[in-house]
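Proteins get letters first, then strands, A, B, ... in listed order; numbering begins at 1 in each.
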Amino acid sequence: MPNTFDSDDTRSLMRTKTLTMNSSSYLDGLNDDQRAAVESLEGPLLVLAGAGTGKTRVLTTRLAHIIHTGNASPSQLLAVTFTNKAARQMIDRVGNLLGHSVDGLWLGTFHSVAVRILRMHAEIVGLKSNFTILDTDDQTRLLKQLLQARNVDEKRWPARNLCTMIQRWKDRGLTPKQVENIDFGDFANGEAYLIFREYQERLRVLNAVDFGDLLTHCITLFQNETDILSNFHKRFRYILVDEYQDTNIAQYLWLRLLAGTGQQNICCVGDDDQSIYGWRGAEVGNILRFEKDFPGAEIIRLEQNYRSSGNILAAASGLIEKNVGRLGKTLWTDDDLGHPVVVTGNWDGEEEARAIGIAIEEKFHAGSSLNEFAILVRASFQTRAFEERFLSIGLPYRVIGGPRFYERQEIRDAIAYIRVLIQPDDDLAFERILNVPKRGLGDASQQIIHQLARSSQISLHQASRIIIGTDELKSAARNSLSQFLENFERWRSELDEKPHWEILEVIMDESGYTSMWQADKSPQAPGRLENIKELISAIEDFESFSAFIEHVSLVMDRENGREGGVQNRFSRGQATKQNDMVNIMTLHSAKGLEFDTVFLPGWEEGLFPHQLALDEKGSEGLEEERRLAYVGLTRARKEAQILFAANRRVYNQWISAIPSRFIDDLPVDNIITNSLIKNHPKLYEKTSYSHYTQDSITLVSKDSRNDLNVLWEEEKPVKNRNSGSRFKTNDRVVHRKFGVGRVSKVDGEKLDIIFDRVGIKKVVDRFVEPEK
DNA sequence: ACTAAACTATTTTTT
DNA sequence: ATAGTTTAGT
């Protein structure tokens with residue numbers, strides 16, 4: 001991984017590299033605030049660390065400082081992060097600072113620390129310590145069964161929705177009983193809380209927990225067993241929390257219980273302006289409330305930014321100031337003003353991709369490394385336009401994020417085989433693979449097994465064993481089931497003889513799973529076989545199957561992501577390194593990273609701020625979107641470019657859009673809006689991005705789009721965005737490009753129009769005229 | 001029981 | 001557009 005991926009502030013990172021362990025020289029080079037945050041050890045402390053102010057450095061130095069000064073031994077330190085990546089990084093950096101690796105630290109994600117605690121005391125919450133951890137897929141399948149059992153209309157109330165509902169409840173630390181008294185809408189005829197209760201009962205029977213349970217069970221444990229809790233109090237002298245603004249209520253309760261009242265010292269680091277996970281239960285309120293929650297708390301603000309040049313920082317600060325209800329920070333930098341932020345409009349999404357491609361190629365040929373470019377998008381579908389464009393011009397890129405390796409169907413199947421192997425009573429896994437590959441055990445057979453299992457309160461596996469001794473199944477099905485069970489017996493007996501990865505290979509072969517994909521002629525089948533191979537080799541790194549299972553359920557690491565582009569075309573010249581690629585990712589996954597040049601495409605109303613965010617959370621949602629914009633801008637060191645398109649294809653439909661209101665939020669002094677783009681939209685003509693100076697942009701190439709220019713010239717002055725449309729349903733209208741049509745729906749100034757020639761389109765009011 | 005065709009929902013972000 | 005799911009046909 002290139003340097004940029006190690007996040008945070010590269011410049012301060014480089015300073016730390018020269019340090020040695022001999023003295024407390026790790027303190028050198030910290031500014032006053034940073035140093036105070038490291039050395040203020042007693043009592044609750046909130047470090048408000050703005051973007052690029054050296055947050056991670058403070059956290060890791062603080063850990064190193066506590067250990068180095070002997071204030072506490074590593075095992076008395078608890079440090080929690082949100083991502084495994086952050087946790088790994090922190091361990092590494094602490095080791096670097098101290099000059100030796102550190103053992104015994106309780107450092108990990110909220111969930112991995114919770115598992116560790118829960119495995120120690122599982123019986124208290126009614127579990128066995130070898131409980132399994134379910135993922136969303138398992139949860140949804142389970143919920144689906146429960147919904148079916150209640151004859152709930154799954155079209156109307158899908159299991160997926162209930163799954164998120166339950167997750168959100170657990171984020172808030174709610175039990176089924178508490179949910180009874182809150183308003184959850186009419187889901188499942190108002191019976192959602194009953195299903196929630198049944199679901200929890202099922203989990204207990206299955207000796208399983210979901211992600212949310214890891215925290216809520218811990219909370220129950222702490223609340224009911226004061227002895228155990230006070231042991232943890234004695235153990236953890238110092239608690240450190242990263243990204244505090246992203247904690248949900250359950251995590252907050254968990255922390256408060258662990259932090260106790262007296263002797264411990266809790267230090268939370270975060271930035272309310274970078275809270276972007278409200279949609280999955282995070283509560284900015286936690287960080288805003290810190291002083292009340294922890295009386296006598298000290299608050300240290302880190303405001304010197306070491307990352308971005310002046311204009312970028314000012315633009316970002318001006319933007320975020322439009323939010324109300326923030327703790328408030330004033331970021332500043334010693335750096336020059338640098339480039340202003342460039343805001344440019346394009347005709348459509350494809351042109352946007354083309355423009356960014358051109359800009360990157362030019363800078364690349366001028367000597368920039370591709371790793372130093374990032375394209376940060378709001379929604380993952382936006383990456384496609386860039387991938388297509390970059391593939392066609394042979395510009396190497398990588399997409400960070402995307403589907404996770406362990407969530408792929410074939411990987412989950414293989415894991416289900418492992419789960420049944422080591423834990424035959426794991427019903428969810430058993431069910432998943434019983435007829436995968438097809439072995440003649442369809443609905444009817446499964447029904448019979450299920451029935452017996454339910455009526456006798458035994459697992460599917462046990463029920464199957466009984467059933468093969470009866471004639472309840474037709475002989476073909478019975479033989480097949482018996483073969484299936486025998487196979488597992490045999491594989492299990494080989495566990496001691498062969499290394500586990502070989503057993504997995506044997507299972508995949510002998511179960512027919514491999515041949516199933518070999519026989520499959522769909523284009524993705526070879527890839528799936530590849531993935532299975534990759535899994536087999538990945539598993540070699542683990543001591544045992546169970547160690548591996550624990551890893552996959554907790555460390556939901558992503559694969560490296562897609563890579564594309566033609567290497568050769570760019571291979572000449574000394575600037576090209578093997579892994580030199582443009583980075584494409586969502587704004588969310590960009591948090592914590594930084595790049596020289598950042599492109600922020602798709603700044604259009606509806607996409608960014610995203611319509612769903614506004615619909616679901618109103619002004620709160622808008623503010624979170626704005627924070628996301630802030631996060632995006634502050635990723636840039638030297639250059640940031642914001643782009644918007646007048647038209648975009650979304651689910652195979654063309655949508656016309658207006659520029660994001662966030663563009664209006666940017667202070668005019670720090671940006672180039674290409675002069676009059678918004679008032680004279682004919683400047684939507686293609687512009688070149690690379691020939692500007694600080695004061696002006698030179699328009700270089702023009703597209704032959706005269707017809708479009710006419711369209712723009714006729715535009716009415718932009719009205720207040722929230723005002724409604726001039727049109728009402730059934731009005732006849734004319735569109736420059738789409739012809740005549742009839743309005744079928746009016747939503748603010750957005751219209752659905754059924755055009756006579758081209759069918760239904762979404763169009764903004766001012767693009768159409770009344771039919772004469 | 002399996003397969004193919006038809007239909008449908010789904011596209012914000014993820015520990 | 002695509003993937004996933006349901007349905008009807010073999």
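In this structure, a donor-acceptor pair under 3.5 Å is present between the side chains of Lys170(A) and Gln200(A).
Per the geometry, NZ belonging to Lys438(A) stands 11 Å off P belonging to dA4(B), to the nearest Å. Nucleotide dT13(B) holds its C1' atom 9 Å from the CD atom of Glu624(A), rounded to whole Å. As a whole-Å value, the separation of Trp157(A) CH2 from dA9(B) C1' is 18 Å. For the pair Met516(A) CE and dA1(B) P, the interatomic distance rounds to 18 Å; values are reported in whole Å. Regarding Gln611(A), its CD atom lies at a distance of 16 Å from the P atom of dT11(B), rounded to whole Å. Distance CG (Asn161(A)) to P (dT11(B)): 10 Å, rounded to an integer number of Å. Atom-to-atom, NE2 of His610(A) to P of dT10(B) comes out at 14 Å; the value is rounded to the nearest Å. The nearest whole Å value for the distance from the CZ atom in Arg439(A) to the C1' atom in dC2(B) is 15 Å.
Side chain of His588(A), nearest nucleotide from dC2(B), dT11(B), dT13(B): dT13(B). The side chain of Ser380(A) sits closest to dT13(B) out of dT11(B), dT13(B), dT14(B).
Of the residues Arg384(A), Arg354(A), Glu350(A), the one that meets the side-chain contact (heavy atoms from CB on, under 4.5 Å) test with Arg389(A) is Arg354(A).
If Ala379(A) and Lys474(A) are placed on DNA chain B by their nearest nucleotide, the residue sitting closer to the 5' end is Lys474(A). Comparing Thr136(A) and Val650(A) by the nucleotide of DNA chain B whose heavy atom lies nearest to each, the residue mapping closer to the 5' end is Val650(A). Where Arg384(A) and Lys144(A) meet DNA chain C, the nucleotide closest to each residue was compared, and Arg384(A) sits on the side nearer the 5' end.
Under the stacking criterion of a centre-to-centre distance below 5.5 angstrom and an interplanar angle below 30°, Trp279(A) sits stacked against the six-membered ring of dT13(B).
When side chains are defined from C-beta on, Ser589(A) does not count as touching Lys591(A), because their heavy atoms never get closer than 4.5 Å.
At a threshold of 4.0 angstrom between heavy atoms, the contacts of Asp246(A) with the nucleic acid are absent. Residue contacts shown for Glu243(A) are absent, as no nucleic acid heavy atom lies under 4.0 Å away.
The number of heavy atoms from other shown groups lying within 6.0 Å of CZ (Arg649(A)) does not exceed 12.
Not counting sequence neighbours, the partners of Tyr244(A) by the ring pair (Phe, Tyr, Trp, His ring centres under 6.0 Å) test are Phe290(A).
Centroid-to-centroid, the aromatic rings of Phe599(A) and Phe386(A) stay 6.0 Å apart or farther.
Here Arg160(A) reaches the OP1 or OP2 of dT11(B): one of its side-chain N or O atoms lies under 4.0 Å away.
Judged by the 6.0 Å and 45° rule, Arg280(A) forms a cation-pi pair with Tyr277(A).
Contact check of residues 441-452 of chain A against DNA chain B (heavy atom, cut-off under 4.0 Å) returns Gly442(A), Asp443(A), Ala444(A), Ser445(A).
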